[in-house]
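Only one structure is covered here, and it is reproduced in the block below.
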Amino acid sequence: MRSYQKSTALYERTKKSLAGGVSSNVRYASTPVPLFFVRGEGACLYDVDGNVHIDYVLGNGPAILGHAPKPVIDAVARSLADGQVYAAQHPRETELAERLCRLLPGAEVVRFATSGTEAVLMAMRLARAFTERPKILKFEGHYHGWTDQTYISTRPSLNEAGPADEPVAVASSPGMPPSALADVVVAGWNDLAAVRNAFARHPGEIAGVIMEPVMVNGGAALPHDGYLAGVRDLCRQNGALLICDEVITGFRVGLGGAQARFGVIADLAIYAKAVAAGFPLALVAGRRDVMDTLLDKGVMHGGTYNGNVQSMAAALAALDELERDDGALYRRMESRGRALMEGLAALGAKHRLPLLVQGLPAIFQTFFTRAAPPRNYRDAAACDRDMALAFHAALQEEGVRVNQRTTWFLSAAHDDAVIAETLAAADRAMAKLR
Ligand SMILES: Cc1ncc(COP(=O)(O)O)c(C=O)c1O
């Protein structure tokens with residue numbers, strides 16, 4: 001048995017000075033307590049008890065090049081000599097903006113922020129200002145940050161969530177004002193009729209439709225054939241903007257994110273996480289006429305740390321790696337991730353477990369279910385959560401770290417040897433589950 005004695009003691013101590021003992025509630029979801037790490041390198045994290053973890057959490061997605069990637073760390077170290085934050089323009093910002101406009105589908109211009117949460121807020125404000133409409137349509141199970149305006153119906157209990165074809169907007173946290181729900185319309189995902197119906201129920205009121213183009217947070221479900229294009233068309237027909245939240249999929253499922261992968265271009269898109277390989281950077285990219293409202297209509301967006309020197313340096317260095325040899329890194333990740341997905345599915349069959357592997361090679365989720373692959377939040381919620389938790393714990397015991405939902409993020413540092421080691425560990429973990 002692995003020992004987590006030092007993490008447990010540190011957690012008890014930390015709780016006395018840091019509210020709840022963590023800096024983000026997401027970190028409570030850890031076994032047996034929120035673990036304390038001292039170092040990350042490549043595919044591995046090292047905790048205070050001396051346990052080594054092959055890490056598939058990767059900071060919840062950003063560490064696309066693994067932990068402490070040398071080219072990025074070196075670039076950031078060099079940038080420190082230039083200072084840290086000017087809260088003013090600098091040439092690295094221009095260089096990065098130009099590069100992103102070249103790389104990202106539909107990015108006529110970009111604007112930098114620091115966290116995905118804030119960039120989402122900016123995109124929603126832009127949509128409302130541009131269309132002069134009040135409401136945003138979001139989907140059940142999709143996560144767009146923790147604010148009053150977005151932390152709605154992210155994981156609603158089915159007792160509260162209303163009928164599947166017309167879900168009720170449910171506040172996901174105490175402390176959110178009821179008024180926050182008034183301007184949000186919630187629909188089930190992967191269902192065009194639901195979007196059509198939402199537009200029909202709120203004629204002329206919906207400013208934008210925001211979605212994770214692959215529903216990663218709700219179950220790594222892919223969009224059905226024609227779904228994204230269908231939503232795209234419905235937005236056009238109804239005068240609303242399509243907002244793709246590519247905070248996870250951006251720079252992960254390919255250089256052009258999910259939009260390039262699925263051939264659909266949003267009016268606005270939000271990126272964060274992998275873009276700076278783990279340094280804090282987010283951005284909104286999109287149509288010039290919409291983004292110009294920042295200047296023309298005086299739409300407010302601010303942020304002291306936006307465009308800070310180190311995040312710009314990190315992103316420029318990360319893009320050097322991601323773009324090298326025409327995206328060779330993505331081709332490697334794709335084949336290794338596929339081997340991992342197929343290997344896990346084969347192990348599930350070997351151990352006679354109802355294991356289902358769903359998603360894309362660089363980001364997927366494992367489920368325990370005998371039902372069809374989840375296509376939306378309600379399907380995913382019906383899968384066996386206790387088995388997922390047990391799998392997470394058994395994997396951790398064997399040195400493999402996935403989150404409690406058993407989402408798997410891949411990095412370029414997860415090479416063939418790491419994948420083989422992971423599958424051997426998963427074999428032992430599944431033997432215990434049975
Ligand atoms: C799809 C999506 N959007 C937005 C966010 C919020 O980003 P951040 O945590 O950087 O505020 C997240 C965070 O996990 C996310 O997964």
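One-based numbering, in listed order, for ligands and for the atoms of each.
- Here's the thing with G116: one of its N/O atoms is less than 3.5 angstrom from an N/O atom of ligand 1.
- Where the criterion is an N or O separation shorter than 3.5 Å, residue side chain and backbone included, H144 fails it with respect to ligand 1.
- For E95 and R92, the salt-bridge test fails: no basic side-chain N is under 4.0 Å from an acidic carboxylate O.
- Checking only distances, E212 never comes within under 3.5 Å of ligand 1, N or O to N or O.
- When hydrogens are left out, the protein atom nearest atom 3 (N) of ligand 1 is D245 OD2, 2.6 Å; that is the closest non-hydrogen contact.
- In this structure, I248 counts as a contact residue of ligand 1, since one of its heavy atoms falls inside 4.0 Å of the ligand.
- Annotation: F36, atom CZ; neighbour count of heavy atoms from other residues, nucleotides and ligands within 6.0 Å is above 12.
- More than 12 heavy-atom neighbours from other residues, nucleotides or ligands sit within 6.0 angstrom of CZ on R287.
- Within the 4.5 Å cutoff, the side chain of H67 has heavy atoms near those of the L58 side chain.
- Side-chain atoms of E140 and S153 include no donor-acceptor pair closer than 3.5 Å.
- Nearest to atom 1 (C) of ligand 1 among the protein's heavy atoms is Y143 O, 3.2 Å.
- Between F391 and F368, the angle of the ring planes goes over 60°, which puts this pair in the perpendicular group of the 30/60° scheme.
- Counting heavy atoms from C-beta outward, R128 and I136 have side chains that approach closer than 4.5 Å.
- Here the heavy atom of the protein found nearest to atom 16 (O) of ligand 1 is N217 ND2, 3.0 Å.
- Close to ligand 1: K273, with a non-hydrogen atom less than 4.0 angstrom away.
- When only non-hydrogen protein atoms are considered, atom 9 (O) of ligand 1 lies nearest to T117 OG1, 4.3 Å.
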